[in-house]
Amino acid sequence: MKRTTEKLLKWYAEHARALPWRARPGERPDPYHVWLSEIMLQQTTVATVRKRFDDFIRRWPTVRALAEAPLEEVMAAWAGLGYYARARNLHKCARKVAHELGGEFPSTPEALRRLPGIGDYTAGAIAAIAFHHPAVAMDTNAERVIARLFAVTEPLPGCKPRLRTLAHELLPRHAPGNFAQALMDLGAIICTARNPACGLCPLMDDCAARKQGLAEELPRKQKNPPKPHREGKAFWIDRADGRVLLRRRPERGMLGSMVEIPSTGWDGAPPAFAGRTPFRLEFDRVRPDVRHTFTHFHLKLALYRLPEPLEVERARLLPLSPGWFWHPLEKLDTVGLPTVMKKAARLFLESG
DNA sequence: CAAGCGTGGAT
DNA sequence: TATCCAAGCTT
């Protein structure tokens with residue numbers, strides 16, 4: 001085994017973070033736990049996942065239990081975590097494992113890779129961590145550590161194949177799981193994107209970037225394009241019996257399969273209702289506006305509410321499209337609103 | 001294969 | 001306020 005790898009594993013043995021989805025020393029990790037945590041952690045901070053992982057495990061202790069759950073419940077449980085395609089794929093994947101694979105996750109990267117929501121990184125991570133399969137798991141941490149260790153100056157994503165090859169040369173076949181997690185912990189604690197703590201790094205003597213004074217600027221990558229500003233309107237249509245009109249968004253696109261307060265315009269799509277406002281009703285403006293930033297644009301959402309709640313008999317006459325539904329206000333917390341809609345709902349409730 | 005896809009925290 | 005970043009995947 002390479003000396004660098006030995007140093008890394010020794011450091012990990014002493015400094016590994018204790019995380020809810022990690023097995024205790026000597027115990028076998030549960031592939032279901034590893035899989036769920038890896039999906040949650042895609043582009044999401046450890047701090048955020050820490051708060052949500054246990055909720056899922058408690059509610060659905062096994063992949064079979066998760067497969068039995070209605071999609072709507074899984075989406076609601078995922079609300080606030082973002083990148084909602086992950087939740088749809090999580091559910092699809094659970095059903096596939098439960099119904100086509102006998103409830104057992106595959107153990108090779110190739111087989112894992114065929115499951116929904118599992119790409120190259122996640123396949124490698126599950127195989128290495130849960131099944132001790134000799135695979136590398138190239139996430140942004142691993143890429144950053146390796147790029148610095150070998151002073152790879154070619155920018156991402158072009159250098160990805162080279163980084164993978166270099167990582168593979170360090171991979172200890174007897175401890176692929178610890179190697180993967182060691183790279184991630186080192187990247188998260190020491191070899192951080194900004195202000196790396198090179199003075200504390202167990203690999204400082206081996207690091208080519210440090211020797212060349214390049215650590216902070218590697219890996220190189222293109223700048224993100226600026227985010228445009230968009231605007232939209234959301235409508236609070238409540239009923240005298242304490243229900244509010246909501247709708248489930250289509251599966252494809254922004255906030256796919258999530259519940260929203262009827263709104264229009266902000267994603268560039270035409271409104272789902274005819275006329276300027278839903279059902280040509282009259283509305284009062286509610287202040288302030290909601291401001292929210294998505295992956296690729298800033299949103300300013302103007303809020304409108306009815307002057308008075310609709311009488312139930314009159315509300316029944318509204319021609320609701322499929323996907324629209326009256327929801328009890330006291331259960332608003334459990335319906336699973338995405339964050340932008342949670343912000344809007346809060347302002348509506350405070351205004352009424 | 002470049003673009004689309006959430007959110008919260010740090011700077 | 002603006003920008004970047006965080007255990008990426010899909011089309």
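To find a chain, count down the sequence lines: A is the first, B the second, and so on, and within it residues start at 1. Note: hydrogens, waters and symmetry copies are ignored here, and every other heavy atom, side chains too, is used.
- A/Ala193 comes within 4.0 angstrom of the backbone, heavy atoms only, and of no base.
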Worked check of side-chain contact (heavy atoms from CB on, under 4.5 Å) between A/Asn178 and A/His174: CA-CA 9 Å; A/Asn178 284 347; A/His174 66 282; over 6 Å; no
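- Under the 3.5 Å distance criterion, the side-chain polar atoms of A/Arg247 are left unmatched by any main-chain donor or acceptor of A/Phe325.
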If a protein heavy atom is under 4.0 Å from the base, mark B; if only from the sugar-phosphate, S; if neither, -; do that for nucleotides 5-11 of chain B going 5' to 3'. BBBS---
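- The aromatic rings of A/Trp11 and A/His15 sit parallel, their planes meeting at an angle under 30°, below the 60° perpendicular limit.
- Within the 4.0 angstrom heavy-atom criterion, no nucleotide atom of any strand lies near A/Ile126.
- Residue contacts shown for A/Val49 are absent, as no nucleic acid heavy atom lies under 4.0 Å away.
- As rounded to the nearest Å, C/dT11 and B/dC1 have C1' atoms that lie 10 Å from one another.
- Salt bridge absent: A/Glu68 and A/Arg64 never bring a charged side-chain N and a carboxylate O closer than 4.0 Å.
- Ring centers of A/Trp236 and A/Tyr304: at least 6.0 Å apart, outside the cut-off.
- Within 4.0 Å (heavy atoms only), A/Arg144 reaches sugar-phosphate atoms of the nucleic acid but no base atom.
- Nucleotides C/dC5 and B/dC5, compared at atom C1', are 16 Å apart to the nearest Å.
- Distance noted for atom C1' between C/dT10 and B/dG8: 24 Å (whole Å).
- In terms of position along DNA chain C, the nucleotide closest to A/Trp21 lies nearer the 5' end than the nucleotide closest to the other residue of the pair A/Arg252 and A/Trp21.
- In terms of position on DNA chain C, the residue among A/His229 and A/Asp139 whose nearest nucleotide sits closer to the 5' end is A/His229.
- The residue A/Arg17 sits close to a base: some heavy atom pair falls under 4.0 Å.
- Aromatic pair A/Phe56/A/Trp21: ring centres not closer than 6.0 Å.
- Taking the six-membered ring where tryptophan is involved, the planes of A/Phe294 and A/His292 are perpendicular, since the angle between them exceeds 60° and thus also 30°.
- Protein chain A touches strand DNA chain C; the 5'-most and 3'-most nucleotides with an atom under 4.0 angstrom of its non-hydrogen atoms are C/dC4 to C/dT10.
- To the nearest whole angstrom, the two P atoms, one in C/dA7 and one in B/dA3, are 24 Å apart.
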What verdict does the side-chain contact (heavy atoms from CB on, under 4.5 Å) test give for A/Lys7 and A/Thr4, after you've listed the backbone C-alpha separation in whole Å, the side-chain angles of each residue and the deciding distance to 0.1 Å? CA-CA 5 Å; A/Lys7 292 180 194 169; A/Thr4 303; 5.6 Å; no
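- In this model, a donor atom of one side chain and an acceptor atom of the other lie less than 3.5 Å apart for A/Thr122 and A/Gln42.
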